[in-house]
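A short write-up of the structure that comes next.
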Amino acid sequence: MKQLTLSAVLTSRDNQPVKSQRKPAPRTYLDNRVTKSQRENKRTRSQRARERLQTKEHLTQLAVGLGEVELADKLQRCHSRLSVLTCGRHIARIIPNFTCEFRLCPDCGRRRSRKLQNKYLPIMRGFMLHRKVTPVHLVLTQTHRKENRKQSAKRIKDAFKRLHRNSFFKEHFKGGTWSLEFTKDKNGLHHTHLHIIGFRRRFFDIELLRGEWLTATGDSHVLHLKQIKDIATGLREVVKYVSKPLDIRRFGAEDLREFLNLKNMRMFGTFGEFRDFCKDFEPSDNDAAAVGDLESLARDLVEGCACPQCSQPLFDLRMSGKELPQFYEQVESSPPDKVGTSWN
Ligand SMILES: [Zn+2]
Ligand SMILES: [Zn+2]
């Protein structure tokens, strides 16, 4: 259990022992989270690429240990050969030879969270415009029990279903999105949170919402709420749990086994009026531009096209996945006024 000690430090911030139910919520939780994500954003692309390689290596080892040979093989092949469309100073596009689509794969997770952002950002903007709602980030927590990851996730999702279907919630929110985050403490207890982007139609006393959450869960009133100033940032914050459900480098073989058993569990979803709005939403051609997703816009670029950032001709550079961090380093050392791709 040694590999879980560090994550325990992170989860202990939102401890909520059953016996002190009415204790005020620790206010530090979201602040810590924000600081942590800002710290993550400060890491360079080469550092992050290197971390993804380490995570994949670690997952592969665990898979081998569990006798999951096919999974280990897929992980090793995923993003192992790359075709990089570059002018030498900017990266316009990266095409991998193979994607494993395994839920915990950091490369596939990144692609998945980018897809979610591209899909939902235009819808959210449209929804906010038409329904005159303001987005908030709501974090819902529950008490710890001796249960497995699946049970823990089901318990909080069921409680949330009860919450968002009640009249208080419907009166104040017009739906939104949810995503699951998993952490585990040093005693092996699961801390499962729900991150909600809620579209608020009117203000309310936070204590009332705490009361409603207590009714829905039966034993937890702990939640955190903050206004989302920029919906693109808010959405990015929330979908990152879809790509990175927890710190996999501290994962043990048992954690991987548990995750393999979660195969069909949904980690992200929509609810309420927002859910219906998504069904009717017609995406326009300008959505990728509105989202600022250079990668989607770069989809049509081929060798010989002009680099979108400096107009120099692009060429196709073949490399192994292991060489990518080094290439990023080279790109990062280009003159600062010339650097600035969407890659993160
Ligand atoms: Zn993958
Ligand atoms: Zn360029």
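When a ligand or atom number is given, it counts from 1 through the structure's own listing order.
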Suppose you place the vertex at the Zn ion (ligand 2); what is the angle out to Cys307 SG and Cys310 SG, to 10°?
110°
Give the C-alpha distance, both sets of side-chain angles, the deciding distance and a yes or no for side chain to side chain contact (heavy atoms under 4.5 Å, CB included) between His58 and Leu62.
CA-CA 6 Å; His58 179 60; Leu62 290 178; 3.7 Å; yes
Among the clusters formed by ILVMFWY side chains lying less than 4.5 Å apart, do [X] and [Y] turn up in the same one?
| X | Y | answer |
| --- | --- | --- |
| Leu140 | Met265 | yes |
| Leu53 | Leu256 | no |
| Trp213 | Phe168 | yes |

How wide is the angle at the Zn ion (ligand 1) between SG in Cys108 and SG in Cys100, to the nearest 10°?
110°
With a cut-off of 2.8 Å, does any N, O or S atom of Cys105 fall short of it relative to the Zn ion (ligand 1)?
yes
